[in-house]
Amino acid sequence: MHWSRLFIPTLREDPAEAEVVSHKLLLRAGYIRQLGAGLYNYLFLAQRSLLKITNIIREEMDAIGAQEFYLPGLNPAEIWQESGRYDVMGDNLFRLKDRFGRPMCLGMTHEEVMTSIARGELRSYKQLPQIWYQIQTKFRDEPRPKSGLLRVRQFIMKDSYSFDLGPEGLDVSYEKHRVAYCRIFDRCGLEYVTVEAHSGAMGGSQSQEFMVRTNAGEDYVVICRQTGYAANLEKASSRPTPPAQPDPEGDLSPAEVHTPGAKTIEEVAAFLKVPATSLIKTLVVVATDSEGKDRPMVALLRGDHQLSETKFQSVAGCGEFRPAHPLEIRDWFGADAGSLGPVGVSKLPIFIDEALRGRRNMISGANKDDYHLLNVTPGEDFTGAWGDFRQVAEGDTDIETGAPLEVAKTVEIGHIFKLGYKYSHSMGLNVLSHDGSEVPVIMGSYGIGLERILCAAVELFADKDGICLPVPIAPFEVVITPVKISDESLRAAADHLYAELRKAGVDALYDDRDLSPGVRFKDADLIGVPWRVVLGKKLSAGFVEIVERRTKSTTEVPVAEAAAWIKAKVDAAKAYPSA
RNA sequence: CGGGGCGUGGCUCAGCCUGGUUAGAGCGCCUGGUUCGGGACCAGGAGGUCGGUGGUUCAAAUCCACUCGCCCCGACCA
């Protein structure tokens, strides 16, 4: 294509509203323009790139026998009410009414629609397994869209759904997806990690996320370089740092100590001149049980540790919970939040974090304002249910080996998830099994965010000059730049090379704009074309220069060989990376 | 939803505090010419209801109120 005729509105300066690298660059490079908060126009370059991503995904999904559908983004509220997600999703679900006042919504994912198709048509185990997918626009009424294309209200997702007779079948479908996802992200040229993810309250048994490390991300994952352990912070377990000071020896009894004004862990630790690791942190939370009644609970952690909400939900077997109100705390404990402890508490269930196991003679609140208790020993002075519900902290080590862990910021590009029977049960998806009995179908759901692949690649490989996309997802594979466009011989050679590249099936961009070379080099770097062929002075000697965008390394190649040279490079980059 | 910031030609921003002619700059854009290896130069030119509404005032981009939009922090995030 001839650049002079394309709409690639590059910007010299960073747009004021952009903060993260991918947002700034996609705007500057003319890939996207904003329409509203969390809504972006994908212009020519973005669309080309997204189409290439789409094709890679489609090839790999087809390769595992998945069948492509295309479902409505506009859904009747009814099926969402059936599955229960109409309420669960809350304000994140876009809701609207049609002209007759019928409630509708815009799909965030398509479990309901897929299940509604399946339950009408799948009747026998003989029809299983099935994997159905689509590449479609999703809507989420995000409370706070941000970071350019990373967190938006409308985006494109590849979502697939598997239907199997039993858990063994689901394992196969899940594994097929895991392999396909690795191939997809490898082919897109991304560096990523797969992490164990929190399965949520969906009743799912297993779930993995595909994450790309970048500061623009907002998901935290815990990684161990030595053991390969990797998990979402929401789910990760670790070995805590040892207590900063050994516990006092002996079989001591709790003793009150006056701690006037000391309420927070830091204040109490400073007042009593002990490290925070010697304290027991007492949190009071309130969940709502299935009948809608408040269910207060006590969570005990080491003083310096943080509660992991998701892990606590698993341990306590509850859903969403909130901190108790000050009045509730006073009512239940007879003291304020700064002086709470587990000793003597009998009306509320107590959960004790594993990091407190084996500890002795610690310090907790006394349930009496301005007093704390010394010599409190878990298991002796109070009891409760033990569990791991502490968030992994900086400095923690691998739970098995003690190898160092690191916490990394990432963006989620894909997620594979064993759904189980949630939708089969709520929406009545059953088939007849071998013995003629009706059994529910077990499902999996698997998602990939297309824009996030693009963003992640931009974040991953950008440099001071702009975007640097991997060949397979770059909008163009090579740009041809005759230094002086008015020079007949340069022009003729460029024309010829362009024709050759096109014939070879290379995605070539011909920069025929009548602009100074500097401007065109800058633009080409900015939009991130992986290869550039420059036709200049050396053409008279029969050579062109080929510049690799990522390394800026330059190779002189005879004009006659240039097309083949580029073709070989491009093909190599698009071949499946062998492990 | 709480806290903060911003809204002035296409882009980046100045002017606002301390109200007072025709509202500025750089970049971009248009015309002509000279250029042509890393965001060229000369000459000429177009383009702005200062987000909106209401108020204060002889007079409002500037002060006040309301409102809309966008960005950031937090809450939230299958």
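Lettering follows sequence order; numbering is per chain, from 1. Remember, predicted model here, so these are calculated numbers, not experimental data.
Note: A/F185 and A/F210 have tilted aromatic rings, judged against thresholds of 30 and 60 degrees for the angle between ring planes.
The partner of B/U18 is absent, by the rule that a Watson-Crick or G-U pair needs both atom distances under 3.5 Å. Base pairing analysis places B/C50 opposite nothing; no Watson-Crick or G-U wobble pair with both distances below 3.5 Å involves it. Taking a pair to require two hydrogen-bonding distances under 3.5 Å in either a Watson-Crick or a G-U wobble arrangement, B/G7 pairs with B/C68. Nucleotide B/U12 forms a pair with B/A25, judged by Watson-Crick or G-U wobble geometry with both contacts under 3.5 Å. Partner assigned to B/U57 is none, using Watson-Crick or G-U wobble distances below 3.5 angstrom. Within the shown strands, nothing qualifies as a pairing partner of B/G38 under the Watson-Crick or G-U definition with both distances less than 3.5 Å.
Using atom P as the reference point in both B/U56 and B/G44, the two lie 47 Å apart (nearest Å). Here the separation of B/A25 from B/G54, taken at their C1' atoms, is 33 Å to the nearest Å. On the C1' atoms, B/G33 is 43 Å away from B/C70, given to the nearest whole Å. The gap from the P atom of B/U53 to that of B/U8 amounts to 16 Å, rounded to the nearest Å. Across the C1' atoms, B/C30 and B/G74 are found 48 Å apart, a figure rounded to whole Å. Nucleotides B/A14 and B/C72 place their C1' atoms 23 Å apart, quoted to the nearest Å. One P atom belongs to B/C41, the other to B/C64, and the distance between them is 43 Å to the nearest Å. Separation of the C1' atoms belonging to B/A61 and B/G48 is 11 Å when rounded to the nearest angstrom.
When each of B/C13, B/G39, B/G38 is scored by its nearest atom to the side-chain atoms of A/A16, the top-ranked nucleotide is B/C13. Among the nucleotides B/C36, B/C71, B/C73, the one closest to the side chain of A/P517 is B/C36. Out of B/G39, B/G37, B/U12, the shortest distance to the side chain of A/F521 is found at B/G37. Among B/G39, B/C76, B/C72, the nucleotide with an atom closest to any side-chain atom of A/K522 is B/G39. Of the candidates B/C36, B/A40, B/C73, B/C73 carries the atom nearest the A/K146 side chain, counting heavy atoms from C-beta on.
Per the geometry, NE2 belonging to A/H23 stands 8 Å off P belonging to B/C72, to the nearest Å. The distance from atom CD of A/E19 to atom C1' of B/C72 is 6 Å, rounded to the nearest whole Å. Spacing between atom NZ of A/K484 and atom P of B/G37 amounts to 8 Å, rounded to whole angstrom units. Distance CG (A/D91) to C1' (B/A75): 13 Å, rounded to an integer number of Å. The CD-C1' distance, from A/E142 to B/C71, rounds to 16 Å in whole Å. Atom CD1 of A/I32 and atom P of B/C11 are 15 Å apart (whole Å). Nucleotide B/G10 holds its C1' atom 10 Å from the CZ atom of A/F7, rounded to whole Å. Atom CG in A/D219 sits about 14 Å away from atom P in B/C76, given to the nearest Å.
Donor-acceptor pairing under 3.5 Å is recorded for the side chains of A/K158 and A/Y181. For the 3.5 Å distance criterion, the side chains of A/S162 and A/H177 fail to qualify, holding no donor opposite an acceptor.
Across all strands, A/T481 comes closer than 4.0 Å to no nucleic acid atom at all (heavy-atom distances). Here A/E17 lies in heavy-atom contact (under 4.0 Å) with sugar-phosphate atoms only. Residue contacts for A/D14: at a heavy-atom cut-off of 4.0 Å it reaches the sugar-phosphate backbone alone, with no base atom in range. As judged by a 4.0 angstrom heavy-atom cut-off over every strand, A/K537 is placed among the base-contacting residues. At the heavy-atom level, A/G36 lies under 4.0 Å from the strands shown only through sugar-phosphate atoms. At a threshold of 4.0 angstrom between heavy atoms, the contacts of A/Q34 are confined to the sugar-phosphate backbone, with no base atom among them. A/P9 comes within 4.0 angstrom of nothing in the nucleic acid, heavy atoms only. At the heavy-atom level, A/R322 lies nowhere under 4.0 Å from the strands shown. Looking at heavy-atom distances under 4.0 Å, A/S147 makes contact with sugar-phosphate atoms alone, never a base. Counting non-hydrogen atoms under 4.0 angstrom, A/L515 reaches a base of the nucleic acid. Within the nucleic acid shown, A/V88 has no heavy atom closer than 4.0 Å to any nucleic acid atom.
A donor and an acceptor atom sit less than 3.5 Å apart, one in the side chain of A/R28 and one in the base of B/G39. For B/G3, its base never sits under 3.5 Å from the side chain of A/R144 at any donor and acceptor pair. In this model, a side-chain donor or acceptor of A/E13 finds a partner on the base of B/G26 within 3.5 Å. Evaluation of atom-type donor-acceptor distances gives a pair under 3.5 Å for the side chain of A/D525 against the base of B/G38.
Each of A/E218 and A/R153 lies near RNA chain B, and the nucleotide nearest A/R153 is the one positioned closer to the 5' end. Across the interface with RNA chain B, nearest-nucleotide mapping of A/E412 and A/G38 shows A/G38 to be the residue nearer the 5′ end.
Stacking of A/K538 on the aromatic ring of A/F543 is not recorded, the 6.0 Å distance cut-off and the 45° axial limit not both being met. Taking the ring axis of A/F461 as reference, the NZ or CZ atom of A/R550 stays within 45° of it and closer than 6.0 Å to the ring centre.
For A/F321 and A/F312, the ring centers are positioned less than 6.0 Å apart.
Considering all non-hydrogen atoms of both residues, A/R28 and A/P15 come closest at CG-CD, 3.8 Å. Across every non-hydrogen atom of A/K522 and A/D465, the tightest pair is NZ-OD1, 4.3 Å.
Dashed line: the shortest gap from a side-chain N or O of A/R12 to OP1 or OP2 of B/C11 is not under 4.0 Å. Taking side-chain N and O atoms only, A/S516 has no distance below 4.0 Å to OP1 or OP2 of B/C36.
Interatomic distance, CG of A/D87 versus CH2 of A/W80, reported as 12.0 Å (0.5 Å rounding).
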